[in-house]
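What follows is one structure encoded as structure tokens, with my remarks underneath.
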Amino acid sequence: MDTTYQPSDIEQRLYEAWESAGYFKPSGTGSPYTIMIPPPNVTGSLHMGHGFQDTIMDVLIRYHRMKGCDTLWQPGTDHAGIATQMVVERQLLEQNTTRHELGREAFIDKIWDWKEQSGGTITKQLRRLGASPDWSRERFTMDPGLSKAVQEVFVQLFEQGLIYRGKRLVNWDPKLHTAISDLEVISEEEKGSMWHFSYPLADGSGSITVATTRPETMLGDTCVAVHPDDERYQHLVGKMILLPIANREIPIVADEYVEKDFGTGCVKITPAHDFNDYEVGKRHDMPLINILDKNACLNENTPADYQGLSREDARKKVIADLDALGLMVKIEDHTLKVPRGDRSGVVIEPWLTDQWYVDAKTLAGPAIEAVESGDIQFVPKNWENTYFAWMRDIQDWCISRQLWWGHRIPAWYDEQGNVFVGRSEEEVRAKHNLGDTPLHQDDDVLDTWFSSALWTFSTLGWPESTAELERYHPTSVLVTGFDIIFFWVARMIMMTLHFKKEVPFKTVYVHGLVRDAEGQKMSKSKGNVLDPIDLIDGIDLDTLVSKRTTGLMQPKMRAKVEKKTRKEFPEGIASYGTDALRFTYLSLASTGRDIKFDMGRIEGYRNFCNKIWNAARYVLMNTEGHDCGQTGNSVQLSVADRWILSRLEHTQEAVAKAISEYRFDLASQSLYEFIWNEYCDWYLELSKPVLWDDNSSEEQLRGTRQTLVKALETALRLAHPFMPFITEEIWQKLKALAGVEGDTIMLAAYPEFNSANVDTDAESDIEWLKSFIEGIRTIRGEMNIAPSKAIPVLVKDASSQDVARIEQYSNFLIKLAKLEAVQIADDNPPLSATALVGDMSILVPMAGLIDVNAEIARLEKDLAKLDNEITRLSGKLSNEGFVAKAPAAVIDKEREKLAIATDAKSKIDDQIQSLRQI
RNA sequence: AGGACUAUAGCUCAGUUGGUUAGAGCGCUACCUUGACAUGGUAGAGGUCCCCAGUUCGAAUCUGGGUAGUCCUACCA
């Protein structure tokens, strides 16, 4: 074995072996444990969020698989309607053509070509992460089976009256020419203006001043509203206004919607271009005047010189025209929330169109109950509040999209515009006796989330009733980010409850979002993304810079991104390997919402891998070719052997508990501490005095060799879900020595806690041993005694147990603390430096080694600490309230602490006195 | 406007039902190429647990208020 761990040598080889051996498939036996992957965009690539999430899922799956569950991890991708269509349209643009020139069918073929070409990227990357889903069951939302499910759901919901078509205001994206749902609109504060202008009364008796942030919409005004209680305007209600420019007469109405104290207290109402105005207009029976076309340019309902203008140009012209008419009162700076499409980035226009909607309110009822009753549990629990808040005020869901890529809506229209919904044109004709009436299928497709909402059951074969559906549904847990609780989680719960009459999953584990070192969201446009694969393989600086600076939305950002990248990664990124990356993700998976990705952590865990690697090297060097007790020859375990097995047992308990609570950070920390701080730092060192002692018996040698192997082999299994590659690689080398069978650690049994294996005697003996050794090391360290220098040690005030331990463990003490010998001090010990182990003092004779003043200073520092503690403890114990009310156990503990501290203080006092007498 | 979350070492974060001398990793200081590992070892320094008040014998932990930050939902034209 190499002296440093080289992940690139082993990872891909092992992965290919696992996959081809079929280890990822469900075993078919044991209790089912199912996870459906949140489907990433089929043409996308893996980002840090995927890496994080998929690692967590893989840990859960590998853990349950090793525990004997029948695990199904279902992989797949979604078709990402808008995103994918945009990508392909951009490609067409580079070839100087458009989808309209190609036509619908040819365009869709192009997208399928693109999907074939790029669709494997993300699944290849997932493999690099060591993910172990059942690839043979990979699904895609546009697969025939899933498409059938989508169609079936649509038809049934329509027949049940839960899907309807209506002409309503929708969020219209004038760039992408499609409606989008509320959730796809991002409203952010932007600087704008508030224009005040004057509307003259039709009878010439005066005017009224309205305020608006969107002057151009005045061409579609159908009334002006004031608050019914507003004394300033009450007398005007019912009067008519002559709308300037448009030269239409519109009424003044009273409506509670108006806030008296905002703006001028008069609101122009444009029902066809504003959601609130739409409601006001409906209440007062106002007409809807649509002034925009699909590009958000002014249409034929506006004066001739406005027609065809963009909304931006129209705004300028309205302002200029009003100004010319002397109607512009004032312009104020005003910050307002501007709604933009999450994909296109352009300002969204409320626009009147025919769209399909899901009656979400009806479906939400059972979905709320499922969480209230605990049938579905969120982890951490507080996300349930977010879920409830949204669900209880849910709006109908606009599911139609004016795109070509997606599931085409199974609705047909005759020439009169009557709509027929069915599974096929034939079915529709037959059902409605349409004969050969010309029919035209709806041009629109469904929101991608509509198909994702069916994911847990459509992937298992629904609407057919399959054995898989029976066995693996409901799924066990959904692992997802809080950003898609509404988009996906809530909708999945609604749809699954409605169609399957059962929950889609029992637990929703909500993890945080991975951010960069400064806490900024990683995004391509900011140029701060990290590619998980680059962390695994490494990347040189120039390549990283060019990766981050290509495809930036704003070319100006280029220099800035480059500078920042060069500063943050002056050496590029080293290769850390998959296991280190996974361990980093897991160690960051606490309950927080933001996960700042810290390069220091991944480096630390790369080192951890190296530590494991070298520990294994040590174990193999000392066990290969020797009898490790695997054939049943008798063994004698040392106290260290018994201790490490006991510590391992505690670790198993801690890891299992942490996993059951989805605290992967705590689980990984337990593993780290056990392997590094106990197994490597102490146990391997404690094994040396046994293995390298010519006087050790065969039984003792076998005992220690067996324990070296056994503890490591068990720890590897314990760590395997977290670090699959290095554990498999070492396990393969170790399994024969450990006497275990099996082709892969993946399918080996997961270690389980057994309290019978806890050895408290061995633990307290080793604690004693450690504090003895640490006492010596502290003196060495602070007194600058070379580690190579062997020193004699005396002990004073040793109890009979101390004496027995010294006798029994002198080989450990001498070797680990580099001692000449340990002896019981007589009544007049030589001048010494001191350390305390319980009541016993360890004396390191100073002759020629130690500076008296330095030792006094050191002891005084200890003394000060003890004084502090004594003051604190005695204060506490002299407090009547404490003694009267605190539990007896707590009081006893404090008394004991005080006694120990007092005793230690007097010993150190004495020592200082004797040093001072020199 | 409502709500949620966060605030602990220079940095990134743990801290279970109130009882610890408040922990880890990275970074820092000193020493060490000892026969698994310098991607290492040993020792050490470093904290007003954001602030104020309260509950309690006892608060990093519970309550109230404040400050700062992040986010979500709704929205005033």
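Convention: sequence-line order gives letters A, B, ...; per-chain numbering from 1. Just so you know, these numbers come straight off a predicted model, no measurement behind them.
The gap from the C1' atom of B/G25 to that of B/C72 amounts to 32 Å, rounded to the nearest Å. Taking atom P on both B/U12 and B/A53, the two are 29 Å apart, rounded to the nearest angstrom. To the nearest whole angstrom, the two C1' atoms, one in B/U16 and one in B/C57, are 23 Å apart. B/C71 and B/G54 are spaced 35 Å apart, taking the P atom of each and rounding to whole Å. To the nearest whole angstrom, the two C1' atoms, one in B/A45 and one in B/C50, are 25 Å apart. Atom P of B/U70 sits at a distance of 30 Å from the matching atom of B/C28, rounded to the whole Å. Rounded to whole Å, the separation between the P atoms of B/U33 and B/C26 comes to 22 Å. Remark: the separation of the C1' atoms in B/A14 and B/U55 is 27 Å, to the nearest Å.
Distance from the side chain of A/Lys897 is smallest to B/U21 among B/U21, B/U34, B/C57. Nearest to the side-chain atoms of A/Asp594 among the listed nucleotides B/C37, B/U70, B/U56 stands B/U70. With distances taken from any side-chain atom of A/Ala886 to the nucleotides B/G19, B/U21, B/U12, the minimum falls on B/G19. Side-chain atoms of A/Val890 lie closest to B/G19 of the nucleotides B/G19, B/C32, B/A30. Of the candidates B/A77, B/A36, B/A14, B/A36 carries the atom nearest the A/Arg617 side chain, counting heavy atoms from C-beta on. Closest to the side chain of A/Val258, from the set B/A77, B/A45, B/G25, is B/A77. Nearest to the side-chain atoms of A/Lys688 among the listed nucleotides B/A43, B/A36, B/A24 stands B/A36. Side-chain proximity of A/Lys337 to the nucleotides B/U12, B/A74, B/G19 is greatest for B/A74. Closest to the side chain of A/Lys657, out of B/U21, B/U16, B/C5, is B/U16.
Atom-to-atom, CE of A/Met522 to P of B/U70 comes out at 18 Å; the value is rounded to the nearest Å. Atom CG in A/Leu686 sits about 20 Å away from atom P in B/U34, given to the nearest Å. One atom, CG of A/Asn784, and another, C1' of B/C32, lie 11 Å apart when rounded to the nearest Å. The distance from atom OH of A/Tyr662 to atom C1' of B/U16 is 18 Å, rounded to the nearest whole Å. Protein atom NZ of A/Lys611 is 4 Å distant from nucleotide atom P of B/G41, rounded to whole Å. In this structure, the CZ atom of A/Arg392 is 15 Å from the C1' atom of B/U73, given to the nearest Å. Between A/Leu684 atom CG and B/G41 atom C1' there is a gap of 13 Å when expressed in whole angstrom units.
Within the 4.0 angstrom heavy-atom criterion, no nucleotide atom of any strand lies near A/Cys609. A/Ala389 comes within 4.0 angstrom of no nucleic acid atom, judged by non-hydrogen atoms across all strands. Heavy atoms of A/Thr778 sit under 4.0 angstrom from primed sugar atoms or phosphate atoms, though from no base atom. Using a 4.0 Å heavy-atom distance criterion, A/Trp676 is classed as a sugar-phosphate-only contact. Contacts of A/Trp692 with the nucleic acid, taken as non-hydrogen atoms under 4.0 Å apart, include base atoms. Counting any heavy atom pair closer than 4.0 Å across all strands shown, A/Asp681 reaches sugar-phosphate atoms only and no base atom. Note on A/Arg663: only backbone sugar-phosphate atoms sit closer than 4.0 angstrom, heavy atoms only; bases stay farther off. At the heavy-atom level, A/Glu782 lies under 4.0 Å from the strands shown only through sugar-phosphate atoms. At the heavy-atom level, A/Ser590 lies under 4.0 Å from the strands shown only through sugar-phosphate atoms. As judged by a 4.0 angstrom heavy-atom cut-off over every strand, A/Leu620 is placed among residues making no nucleic acid contact. Within the 4.0 angstrom heavy-atom criterion, base atoms lie near A/Ala211.
Stacking between A/Phe608 and the base of B/G25 is absent under the criterion of ring centres within 5.5 Å and planes under 30 degrees.
Put simply, A/Lys521 has no side-chain N or O that comes within less than 4.0 Å of OP1 or OP2 on B/U70. Of the side-chain N and O atoms in A/Lys596, one or more sit less than 4.0 angstrom from OP1 or OP2 of B/U12. Within the 4.0 Å cut-off from OP1 or OP2 of B/A77, at least one side-chain nitrogen or oxygen of A/His334 is found.
The cationic atom of A/Lys688 (NZ for Lys, CZ for Arg) lies less than 6.0 Å from the six-membered ring centre of A/Tyr618 and within 45° of the ring axis.
Side-chain N/O atoms of A/Glu685 and base N/O atoms of B/A36 include a donor-acceptor pair closer than 3.5 Å. Side-chain N/O atoms of A/Arg593 and base N/O atoms of B/U70 include a donor-acceptor pair closer than 3.5 Å. With hydrogens and angles ignored, a donor-acceptor pair under 3.5 angstrom links the side chain of A/Arg606 to the base of B/U39.
Along RNA chain B, the nucleotide nearest to A/Lys815 and the one nearest to A/Arg601 differ in position, and the one closer to the 5' end is contacted by A/Arg601. Residue A/Gly781 is the one, among A/Gly781 and A/Phe482, whose nearest nucleotide of RNA chain B lies closer to the 5' end (criterion: closest heavy atom).
At least one donor-acceptor pair under 3.5 Å links the side chain of A/Ser575 to the backbone N or O of A/Ile536.
Other residues, nucleotides and ligands place more than 12 heavy atoms under 6.0 Å from the CD atom of A/Gln520. Around the CD atom of A/Glu189, the shell of radius 6.0 Å holds more than 12 heavy atoms that belong to other residues, nucleotides or ligands. For A/Asp261, the CG atom is loosely surrounded, since the number of other residues' heavy atoms within 6.0 Å does not exceed 12.
Judged purely by distance below 3.5 Å, without hydrogens or angles, the side chains of A/Ser771 and A/Glu774 never pair a donor atom with an acceptor atom.
Using a cut-off of 4.0 Å between Lys/Arg side-chain N and Asp/Glu carboxylate O, A/Asp516 and A/Lys596 are scored as not salt-bridged.
Listed by residue number, the members of residues 872-881 of chain A with any heavy atom below 4.0 angstrom from RNA chain B are A/Arg872, A/Lys876, A/Asn879, A/Gly881.
Residue pairs meeting the side-chain hydrogen bond (donor to acceptor under 3.5 Å, both in side chains) criterion with at least one member in residues 208-220 of chain A, sequence neighbours excluded: A/Arg214-A/Glu216, A/Arg214-A/Glu349, A/Glu216-A/Arg315, A/Thr217-A/Lys268.
Using bins of under 30°, 30° to 60° and over 60° for the plane-to-plane angle, the ring pair A/Phe262/A/His334 lands in the perpendicular bin. Note: A/Phe52 and A/His511 have perpendicular aromatic rings, judged against thresholds of 30 and 60 degrees for the angle between ring planes.
The partner of B/U16, taking Watson-Crick or G-U wobble pairs whose two distances both stay under 3.5 Å, does not exist in any strand shown. B/U63 is paired with B/A53 under the Watson-Crick or G-U wobble criterion, all donor-acceptor distances under 3.5 Å. The partner of B/C31, taking Watson-Crick or G-U wobble pairs whose two distances both stay under 3.5 Å, is B/G41.
The side-chain heavy atoms of A/Leu513 and A/Phe482, taken from C-beta on, include a pair separated by under 4.5 Å.
Every ring-ring contact (aromatic ring centres under 6.0 Å, His included) that A/Tyr683 has, sequence neighbours left out, goes to A/Tyr679.
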